[in-house]
Each structure stands twice: as structure tokens, then as C-alpha cells.
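The structure appears right after this line, and notes come after that.
Order of appearance sets the numbers: ligands from 1, and atoms from 1 within every ligand. Computed over heavy atoms, backbone and side chain alike; hydrogens, waters and symmetry mates excluded.
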Amino acid sequence: MFTGKTVLVTGGSRGIGRAIALAFAAQGARVAVNYRSSHAAAQATLAQLEGAGHILAPADVTDPAAVEALITSVVAQLGRLDILINNAAIYEEHPLTDVSYEQWQAAWQAHLQANLISAANLIYCAAHHMIPRGGGRIVNVSSRGAFRGEPRAPAYGASKAGLNALSGSLAQLLAPHGVFLHTVAPGFVETDMAADLLSSPAGDSIRSQSPLGRVALPEEVAHVVLFLASEQAAFATGAIVDVNGASYLRM
Ligand code: NAP
């Protein structure tokens with residue numbers, strides 16, 4: 001389905017990003033696997049990708065200059081960029097009742113920079129490449145927490161709510177340029193990010209939030225990302241698609 005297409009997956013070394021990279025490669029795309037520091041994990045992901053022509057694209061997406069260099073480098077190596085997947089993010093708990101004021105401020109700075117401003121910068125640089133070439137696809141990985149609340153990590157929830165708003169605003173601006181933006185909002189997913197919580201005494205209660213009695217697999221999120229990145233999903237631009245096993249319904 002994606003033969004001849006090129007894709008940049010931020011945070012592609014592990015978890016959901018790795019599943020997205022594997023799924024695109026299995027559908028014929030050439031993939032750039034971005035990561036921050038897990039070189040061995042990124043190498044392992046690269047080695048598992050079907051087909052040829054994939055690359056590693058290390059960069060800390062919280063650094064605006066590194067983001068610009070990342071897009072330039074991916075375009076130079078893959079020839080162009082058709083699809084951007086904004087997946088990289090952090091989740092660090094900072095309950096207001098337990099942290100110092102300094103820790104509180106640091107958490108807000110870190111989450112907004114990693115989860116929202118990074119995505120805005122990646123979209124800026126990617127869109128300026130896509131627009132003159134007739135368009136492209138951007139899928140942002142958000143979170144159920146934007147809607148349901150994140151009492152122990154409010155900056156994370158706010159960063160994802162901001163990502164949703166960013167995606168909708170730019171879907172409106174960029175549609176006439178052939179650039180379509182979509183968002184997926186997963187509930188809990190079996191990855192490193194959720195591992196501590198899922199293996200804690202709270203794990204069973206988290207799994208029971210869904211009538212399926214489990215959390216998502218990374219591959220289930222990847223499947224929806226690929227659908228949204230497909231040519232046929234253009235008219236779903238601006239949409240936010242829940243992948244949460246009916247654990248939280250927005251109606
Ligand atoms: P994960 O297992 O913690 O992996 C995070 C990925 O992001 C890694 O590849 C990491 O690179 C990369 N990353 C983090 N900061 C970065 C930076 N500054 N620059 C470049 N790469 C960076 O996370 P995940 O669970 O797969 O989550 C993926 C996405 O799904 C995130 O947007 C997350 O908010 C969202 N999500 C996850 C869940 C869940 O339950 N897991 C639920 C809802 C939404 P390194 O390997 O180099 O560290």
C-alpha cells in the first residue's frame with residue numbers, strides 16, 4: 001500500500017514507534033527510524049524492517065536546530081519525505097501534591113517541549129518540504145489522557161491536548177496544500193512507557209478499564225496509523241481516532 005513512499009517515524013526505536021516503522025516497511029515504504037539515545041534498540045528495529053533502503057535518523061526532537069537538520073537529512077538520504085509520524089514523547093509523573101515547585105516547573109517545560117513544541121517544529125519543517133511537492137501526510141500520536149485527564153502527570157495530558165489542537169488547526173490550514181493531518185489517541189499500550197504501571201498493583205484495574213480486559217498492543221495502534229496515512233483517508237483530515245478498547249468514550 002505504501003510502495004514508493006518514504007516515512008519518518010519519530011521515536012521509532014521502541015514501543016509504538018517501532019511497530020509503526022515495521023508496519024510501514026511491511027507495506028513497501030522506506031522508513032527513517034528516529035530516536036534520541038537508544039542506539040542498540042534503533043539498530044534492532046532497523047534490522048527487522050522488511051525491504052531495503054531504510055535508515056537510522058538519530059536526533060533529539062526537543063532541539064529545534066536538530067529537528068531542522070533531521071528533516072533535511074532524511075530528505076537528502078531518502079530523496080523526499082511523504083509521511084511524518086510524530087510519535088516520540090515522554091511521560092513522567094509529577095503529582096502536584098508530591099513535587100516541589102521547581103520539579104513542577106521542570107515537568108511542564110519538559111513535557112511541553114518533548115510532546116508539543118517538538119511536534120510543531122517537525123510539522124513546520126516537514127510541511128515546508130511537502131507543500132512545494134504537492135502534499136503529504138502527517139499523523140500525530142496523542143493520548144486518551146488528553147480527554148480523560150492525567151491526575152499524576154497533568155503536563156503530559158495538557159501536552160497531548162495541545163497536540164490535538166495543533167493538529168486540527170493545521171489540518172484546516174494545510175488541506176488546500178495537499179497536506180493532511182490526523183491524530184490517534186491510544187489508551188494504555190504495552191510498551192516501556194506503560195510497563196511500570198501495568199506491572200504494578202494498579203495493572204489489573206487498568207486492564208479492566210476496557211471491556212476487552214486488556215490494554216492495546218503496539219501493532220494495534222500502528223494499524224490505525226497506517227490507515228490514516230493512506231491516500232484514501234485524506235478526507236479524514238483533522239480527525240482524532242481513539243484506540244482505547246472502549247475504555248473511554250467521547251460522545
Ligand atoms: P516509549 O516506549 O517510551 O518510546 C518512546 C520513544 O520516543 C523512544 O523511541 C524514544 O527514543 C523516543 N523519544 C523520546 N524522547 C525523544 C526525543 N527528545 N527525541 C527523539 N526521540 C525521543 O513510548 P511509547 O509507549 O511507544 O509511546 C509512543 C507514543 O504513544 C507517545 O507519543 C506516547 O505519548 C503515546 N502513548 C503511549 C501510551 C502507552 O500506554 N504506552 C498511551 C497513550 C499514548 P529512545 O529509544 O532513544 O529513548
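Atom 42 (C) of ligand 1 has as its closest protein heavy atom Gly187 O, 3.0 Å. At the shortest separation from atom 13 (N) of ligand 1 among protein heavy atoms lies Ala88 CB, 3.8 Å. Counting only heavy atoms of the protein, atom 40 (O) of ligand 1 lies nearest to Val189 N, 2.8 Å. With hydrogens left out, the protein atom closest to atom 47 (O) of ligand 1 is Ser37 N, 2.6 Å, a heavy atom. The protein non-hydrogen atom at the shortest distance from atom 44 (C) of ligand 1 is Ser142 O, 3.2 Å.
When Ala89, Ala119, Gly11 are ranked by how near their heavy atoms come to atom 14 (C) of ligand 1, first place goes to Ala89. The residue among Arg36, His111, Arg14, Gln113 with a heavy atom at the shortest distance from atom 2 (O) of ligand 1 is Arg14.
A donor-acceptor pair shorter than 3.5 Å can be found between the side chains of Thr45 and Arg18. A donor-acceptor pair shorter than 3.5 Å can be found between the side chains of Asn115 and Ser159. With 3.5 Å as the limit, one finds a donor-acceptor pair spanning the side chains of Arg144 and Gln209. For the residue pair Ser142/Asn140, the side-chain donor-acceptor check at 3.5 Å is not satisfied.
The pair Arg214-Glu220 counts as a salt bridge, with a side-chain nitrogen and a carboxylate oxygen less than 4.0 angstrom apart. Between Arg14 and Asp192 a salt bridge is recorded (basic side-chain N to carboxylate O distance below 4.0 Å).
Between Tyr35 and His39, the distance from one ring center to the other falls under 6.0 angstrom.
In this structure, the side chain of Ser247 engages the main chain of Asn244 through a donor-acceptor pair within 3.5 Å.
The contact set between ligand 1 and Ala59, taken as ligand atoms under 4.0 Å from a residue heavy atom, comprises 19 (N), 20 (C).
For the pair Val61 and ligand 1, the shortest N or O to N or O distance falls below 3.5 Å.
Of the heavy atoms in Asn115, none comes closer than 4.0 Å to ligand 1. The proximity of Tyr156 to ligand 1, defined as any non-hydrogen pair under 4.0 Å, is limited to the side chain. Proximity of Lys160 to ligand 1, defined as any heavy-atom pair under 4.0 Å, is confined to the side chain (atoms from C-beta onward).
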